[in-house]
Amino acid sequence: MEDFNIKETSNGQIKILHLEGFLDAHTSSSLESTFNRLIDEKSFKVVVNFDKLSYISSAGLGVFMAYIEQMRNEQGDIKLCEMSDKIYNVFDMLGFPLLFEIYKEEKNAVEKFNTPD
Amino acid sequence: MPSRSLILPISEMKDDNNKILIKSSTKNLAEVRNFIEEKALLIGLDSQVINQIILSVDEACTNIIKYTHNYNDTNTIEVKVSDTDNQFQVEIKYKGEGFDPNKVKTPDMVEYFKNYKVGGLGIPMMKKFMNKIEYNHIKPDLNQLILTKSL
């Protein structure tokens, strides 16, 4: 079976989620659990690194939609980065760049949290 | 990459290796994706087109598993592929209450994001990635969904 893993690191108050593998209707609950825990821990500034993610379906996109409003209401955000063209095409095709900040490199996403407008 | 005209159409391949039958569970989505990828690679489709077909079939099967079969994996889903010179087709057969994706209105994405909506993106994705989606209720308790990608 194809797998999905999340590796978590921190940079100051910012949590960085490194997604690996296949994010679909079967595996998306694991990402939901991670976001629920981050909210419990009051970690509202989150960078999601897609470098090692091979696949995403609408179930995966739905997880980001489910948490973005709450993170922003708590003065945080979910910033996305390091997507392959294949993954970016899925986000872009449905218009996600209208709502989400998507960066080429992780350091740019982290810097944006540290230097808000 | 070999010319597509030199490659045997999937429909002329021996046995029933142009279709799979899975139990209706999201844990089997990976098996469906691998099956579609394997068949699409055989006829030399490029990786972007393959990903679009894989996503569309994943979304269709996910909807059947969630909404028609309510995650009850005693149900099954059959996925069958065929191709001609100018199209790749995936036929999905399942029992239970069917639904026609064409009857689902595509959301206005500006409004969708403005209101922080969640869900309902699987069918819009299928419609964007495939050229034709056909739904047929073919027997009293059998539904057929045909996803067509022009090549």
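Each chain gets a letter, A, B and so on, in the order its sequence line appears, and its residues count up from 1. The shown structure was predicted, so the numbers you read here are calculated from the model rather than taken from an experiment. The basis for the numbers below is simple: all heavy atoms, side chains too, and nothing from hydrogens, waters or symmetry mates.
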Novice: Verify the cluster assignment for F50(A) and Y103(A): are they in a single hydrophobic cluster under the rule of side-chain heavy atoms below 4.5 Å apart?
Specialist: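 No; tracing contacts between hydrophobic side chains, which count when under 4.5 Å, never links both residues.
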Novice: Is it the case that over 12 heavy atoms from other parts of the model lie below 6.0 angstrom from the CG atom of D85(A)?
Specialist: no
Novice: For F96(A), is it the side chain, the backbone, both, or neither that has a heavy atom closer than 4.5 Å to a heavy atom of chain B?
Specialist: both
Novice: Ignoring hydrogens, what is the shortest heavy-atom contact between V118(B) and G62(A)? Give both atom names and the distance.
Specialist: CG1-O, 3.7 Å
Novice: Would you say I64(B) ends up clustered with Y71(B) if hydrophobic residues are merged whenever their side chains have heavy atoms under 4.5 Å apart, either directly or through other cluster members?
Specialist: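 Y71(B) clusters together with I64(B).
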Novice: What distance do H26(A) atom NE2 and D58(B) atom CG have between them, rounded to the nearest 0.5 Å?
Specialist: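 Reported to 0.5 Å precision, the distance equals 12.0 Å.
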Novice: Tell me whether the count of non-hydrogen atoms from other residues, nucleotides or ligands lying under 6.0 Å of NZ in K95(B) goes above 12.
Specialist: no
Novice: Might you point out which heavy atoms bring M65(A) and K117(B) nearest each other, and give the distance in Å?
Specialist: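 Between these two residues, the closest heavy atoms are CE-O, 3.0 Å.
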Novice: Is it the case that over 12 heavy atoms from other parts of the model lie below 6.0 angstrom from the CD atom of E134(B)?
Specialist: yes
Novice: CG of D24(A) to CD of E59(B): how many Å apart, nearest 0.5 Å?
Specialist: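 Between D24(A) CG and E59(B) CD, I get 9.5 Å after rounding to 0.5 Å.
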Novice: Which distance, rounded to the nearest 0.5 Å, do you find between the CZ of R33(B) and the OG of S54(A)?
Specialist: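 Reported value, rounded in 0.5 Å steps: 10.0 Å.
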Novice: To the nearest 0.5 Å, tell me how far N89(A) CG sits from Q48(B) CD.
Specialist: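 Output value for this atom pair is 5.0 Å.
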Novice: Taking atom OH as the centre, does Y116(B) end up with more than 12 heavy-atom neighbours from other residues, nucleotides or ligands that are less than 6.0 angstrom away?
Specialist: yes
Novice: Are more than 12 heavy atoms, taken from residues, nucleotides or ligands other than E32(A), located less than 6.0 Å from that residue's CD atom?
Specialist: yes
Novice: Does any backbone or side-chain atom of I54(B) lie under 4.5 Å from a heavy atom of chain A? Answer side chain, backbone, both or neither.
Specialist: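 Answer is both: backbone and side chain atoms of I54(B) are under 4.5 Å from chain A.
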Novice: List the steps, then state whether side chain to side chain contact (heavy atoms under 4.5 Å, CB included) holds for V110(B) with L98(A).
Specialist: CA-CA 8 Å; V110(B) 173; L98(A) 287 171; 4.2 Å; yes
Novice: Treat each ILVMFWY residue as a node, draw an edge where side-chain heavy atoms are under 4.5 Å apart, and state whether L41(B) and V49(B) are in one component.
Specialist: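 Yes.
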Novice: Quick check: closest heavy atoms across I56(A) and L55(B), and the distance to 0.1 Å?
Specialist: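 Residues I56(A) and L55(B), closest heavy atoms: O-CD2, 3.3 Å.
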Novice: Nearest 0.5 Å, please: how far is CG in L94(A) from OG1 in T106(B)?
Specialist: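 Result: 10.0 Å between the selected atoms.
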